[in-house]
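Okay, so here's the structure we're looking at.
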Amino acid sequence: MSQQHDADSSVILDYHHIDEQILQNMVYDALVWASLHGLVLAHKSIQRSGSVPGVGLVHAPFSVLPTAFPENHWRQACDLAPIFNELVDRVSLDGKFLQESLSRTKKADEFTSRLLDIHSKMLEINKKEDIRLGLHRSDYMLDEQTKSLLQVELNTVSSAFAGLSCVVSELHRSILSHYGKFIGLDSGKVPSNSATSQYAEALAKAWTEYNLPGSVILFVVQAEEQNMYDQHFLSVVLRERYGITTIRKTLAEADQQGELLPDGTLLVDGQHIAVIYFRAGYTPADYPSESEWKARLLMEQSSAIKCPSISYHLVGTKKIQQELAKPNVLERFLENKDDIAKLRKCFAGLWSLDEPDIVRKAIESPELFVMKPQREGGGNNIYGDAVRETLQKMQKAGSQEDAAYILMQRIFPNISAAIMLRNGSLHKENAVSELGIFGAYLRSKDKVILNNQSGYLLRTKVSSSDEGGVAAGFAVLDSVYLT
C-alpha cells in the first residue's frame, strides 16, 4: 500500500527519515525511561515471570514517537465515553433483551451459553445490583475513505492498559521535550493521560459505597499474567492514595478459598470482599474446569460489587453490539436524541449471519468484512479469504454455528510511518492505529456517582497485520499526537 497522508497528518514528519544518530539516541533514552518508569511486562520465556513480580521483566512493546490523530476526532471519541457508559448500564438492566438477543448464540457457543446460564440464575432469584461499577474501553479506528471515526468494539470486562497507557503518554512527552526541537514536534500536543488515577478513583469510590471498613478489593487474575504490572499500578494507587488493600486470586483460588455467608457477604481467604475487579474470566481458556465456573457463580451471587457484573459482561458481546446497531434499538434504552445520533455516527456496518444478502456479499468480497466471534482479546477474528472459506463451510454444513459470529464492515485506517520497539529491537514499519477511550461509571441505586471519560490508549500495529492485541503480540503501545 502506498504511503497516504491527509492534510491533518502531513504535520507529522516521516519518522522513517529521522537522522540515524538522533534516532539511535532517542531509542536508547526511551528504553532507559521505559525501564525506570515501569513500562514493563513479564517475559513469557522466563519461568515464574508471570506469577512472581520482578522476575523476567521486559519492556512492553511501544512506539518510540506518538502517532498523528486529528483533534476533532479525538474529541468526538472522548465525548462518546459517558454516553456508552450509560448505554451499558441501561442495556444491562434489560435481562429479557440480553437473553433473547443471545438466544441463537447460546446454541452455537458453549462459553456464551455458560455466561447466559449464570445470568438467568440471577434473573430467577431477582438479584439486584444496587451498586453498579463499569470500567469500560471503547475502541475506534479512523476510516481513511470516509474520514469517519468508527467503533471497533466496546470492552466491558478486563479493559486492559489503564496502567501502562499513562506511562507511554509520559514517555512520549519526555522524549519530545528533549528531541522535539530536532524533529519539529511539540510535547504539548500529546494529551495527558490519567487513566490509572481515574480507574483507581472509581474502584475506591465503589469500595466507599460498599461501606465496610477493613474490606478489600479482589483482583481476579490469570494464573500466569504477563500484563500484571498494568494491574499493579492500580493496586499501588489504591493503597497509597486511598488506604485500600487489594488481593489477587485466580478463579480456581476463589473457588477453593471463597465462602458465601447467608447475608450475601463474600469471604475469600477469610477477607471480606467489597469489590471484585475481573482481569480474567473473559475467555474460555480462563475456565479449564468446573471449579472456575463455580467461582464465577459464587461471586455473582454475593453482595460484593462486581466489575463487571454478569449483565455488564454480556452487554460487551459482539452480538449485542450488532443488535444495538439495528434501527430503533438504541431508542429502547436512551431518550436523548443527540446522544443517540452521536452513537449511530460511530457505528460501523454490523450484521448477523442470518441475513443471506450480506453473507452473499461477504463471500463475493471477503476483503470488505471481518468475521468476529463472541470473544475478547486479540487473535480471534477471521479476515480475507478465510471469511469466504468459513462462510461457505458453514453453508454446506447447514449448522447453527453461524450464530456464534457476526459480520462487521472492515475499516481501512490511514497508514503512517512508525518506529516500534519490541525486546529492545527497532522496527521501522508502515502502521495503522486503534484508539481506545477508557470510561468509568458508578451508580448507587438511582444516583450516578461517576460517569467519566477516563484516559486513553493508542495501539499501533503493522499495517499488514489483521489482529491488534498488545499482550497477544500483534501491536505496540502508543499515544496520540493531536493534529
Side-chain angles (χ1 to χ4, degrees), residues 6 8-9 11-12 63 66-90 133-143 146-156 159-170 172-173 186-202 205 315-316 321 324 330 334 336-348 411 413-414 432-443 448-460 468 477-483:
D6 56 39
D8 276 326
S9 45
V11 178
I12 292 297
S63 71
T67 294
F69 204 89
E71 187 165 358
N72 57 333
H73 286 113
W74 154 259
R75 298 214 177 283
Q76 182 192 350
C78 292
D79 289 347
L80 285 165
I83 310 173
F84 272 118
N85 289 343
E86 188 175 335
L87 179 66
V88 169
D89 190 58
R90 297 280 184 91
L133 172 64
L135 295 178
H136 307 140
R137 196 188 71 226
S138 183
D139 294 335
Y140 304 92
M141 278 181 156
L142 198 48
D143 188 57
T146 59
K147 298 284 184 277
S148 47
L149 184 82
L150 297 177
Q151 188 183 48
V152 177
E153 65 181 354
L154 178 63
N155 301 283
T156 59
S159 305
F161 295 116
L164 295 189
S165 64
C166 300
V167 190
V168 179
S169 304
E170 282 310 306
H172 285 155
R173 288 157 81 103
D186 168 12
S187 63
K189 294 285 183 78
V190 178
S192 65
N193 194 351
S194 55
T196 309
S197 58
Q198 293 207 58
Y199 262 23
E201 180 193 14
K205 283 194 160 157
V315 176
Q321 184 187 1
L324 290 170
L330 285 177
L334 300 172
N336 186 311
K337 293 210 170 19
D338 285 348
D339 287 353
I340 290 169
K342 284 175 186 172
L343 294 183
R344 285 246 159 83
K345 196 177 165 189
C346 80
F347 284 168
I411 305 167
N414 183 50
V432 296
S433 297
E434 187 172 312
L435 175 67
I437 299 287
F438 294 108
Y441 184 89
L442 179 64
R443 182 156 77 72
V448 176
I449 295 162
L450 255 189
N451 183 10
N452 296 335
Q453 176 262 328
S454 315
Y456 73 97
L457 159 74
L458 196 72
R459 280 166 303 173
T460 293
L477 297 170
D478 198 350
S479 63
V480 166
Y481 188 90
L482 296 178
T483 60

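It should be emphasised that the depicted structure is a prediction, and the values quoted were computed from it without experimental measurement. One is the number of the first residue; the rest follow in order along the sequence.
A distance of 8.5 Å separates CD in Q76 from OG in S148, rounded to the nearest 0.5 Å. Rounding to the nearest 0.5 Å places CG of L164 at 9.5 Å from CG of L457. Atom-to-atom distance recorded for N452:CG and L450:CG is 5.0 Å, nearest 0.5 angstrom. Atom-to-atom distance recorded for L435:CG and L149:CG is 7.0 Å, nearest 0.5 angstrom. The structure places CG of N414 at 11.5 Å from CE of M141, a figure rounded to the nearest 0.5 Å. We find the CG-CD distance between D139 and E434 to be 4.5 Å, quoted to the nearest 0.5 Å.
Side-chain atoms of E170 never come within 3.5 Å of backbone atoms of H172 as a donor-acceptor pair (strictly under, hydrogens ignored). For the pair N193 (side chain) and Y456 (backbone), a donor-acceptor distance under 3.5 Å is present. With hydrogens and angles disregarded, a donor-acceptor distance shorter than 3.5 Å links the side chain of N155 to the backbone of R137. A donor-acceptor distance shorter than 3.5 angstrom exists from the side chain of T196 to the backbone of A162, with no hydrogens or angles considered. Q453 contributes no side-chain N or O that, together with a main-chain N or O of A440, makes up a donor-acceptor pair within less than 3.5 Å.
The shortest side-chain heavy-atom distance between K342 and L80 falls under the 4.5 Å cut-off. The shortest distance between side-chain heavy atoms of Y441 and V448 falls below 4.5 Å.
Here the shortest heavy-atom pairing between S187 and R173 reads CB-O, 3.5 Å. Contact detail for C166 and S194: the closest heavy-atom pair is SG-C, 4.0 Å. When all heavy atoms of I411 and Q151 are compared, the pair lying nearest together is CD1-O, 4.4 Å. The shortest heavy-atom contact between V432 and P413 is CB-CG, 3.7 Å. In this structure, A202 and L135 approach most closely via the heavy-atom pair CB-CD2, 3.8 Å. Nearest heavy atom pair, residue S479 against residue L458, reads O-CD2, 3.4 Å.
For the pair R443 and D89, the salt-bridge criterion is met [side-chain N within less than 4.0 Å of a carboxylate O]. A salt bridge does not link D339 to K337: none of the charged nitrogens lies less than 4.0 Å from a carboxylate oxygen.
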Q) Which is it for D186 and Y481 under the side-chain contact (heavy atoms from CB on, under 4.5 Å) test, yes or no, and what are the steps along the way? A) CA-CA 9 Å; D186 168 12; Y481 188 90; 3.8 Å; yes

Q: Might you work through the side-chain contact (heavy atoms from CB on, under 4.5 Å) test for L482 and W74, ending with a clear yes or no?
A: CA-CA 8 Å; L482 296 178; W74 154 259; 3.5 Å; yes

Q: Evaluate side-chain contact (heavy atoms from CB on, under 4.5 Å) for L343 paired with L87, printing each intermediate quantity in order.
A: CA-CA 10 Å; L343 294 183; L87 179 66; 4.0 Å; yes

Q.
What verdict does the side-chain contact (heavy atoms from CB on, under 4.5 Å) test give for S63 and L477, after you've listed the backbone C-alpha separation in whole Å, the side-chain angles of each residue and the deciding distance to 0.1 Å?
A. CA-CA 6 Å; S63 71; L477 297 170; over 6 Å; no

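Ring centroids of Y199 and F438 are separated by less than 6.0 Å, placing the two rings close together.
At a cut-off of 3.5 Å, with distance as the only test, a side-chain donor of H136 or N85 sits close to an acceptor on the other residue. Between the side chains of T67 and D478, a donor-acceptor pair is found at a separation under 3.5 Å. Under the 3.5 Å distance criterion, with hydrogens and angles disregarded, no donor-acceptor pair is assigned to the side chains of E71 and T483. Side-chain atoms of T460 and S433 form a donor-acceptor pair, as typed in the model, at a separation below 3.5 Å.
The aromatic rings of F84 and F347 lie tilted to each other, with the angle between the two planes from 30° to 60°.
The side chain to side chain contact (heavy atoms under 4.5 Å, CB included) test with Y140 singles out one residue from L150, I437, V152, and that residue is I437.
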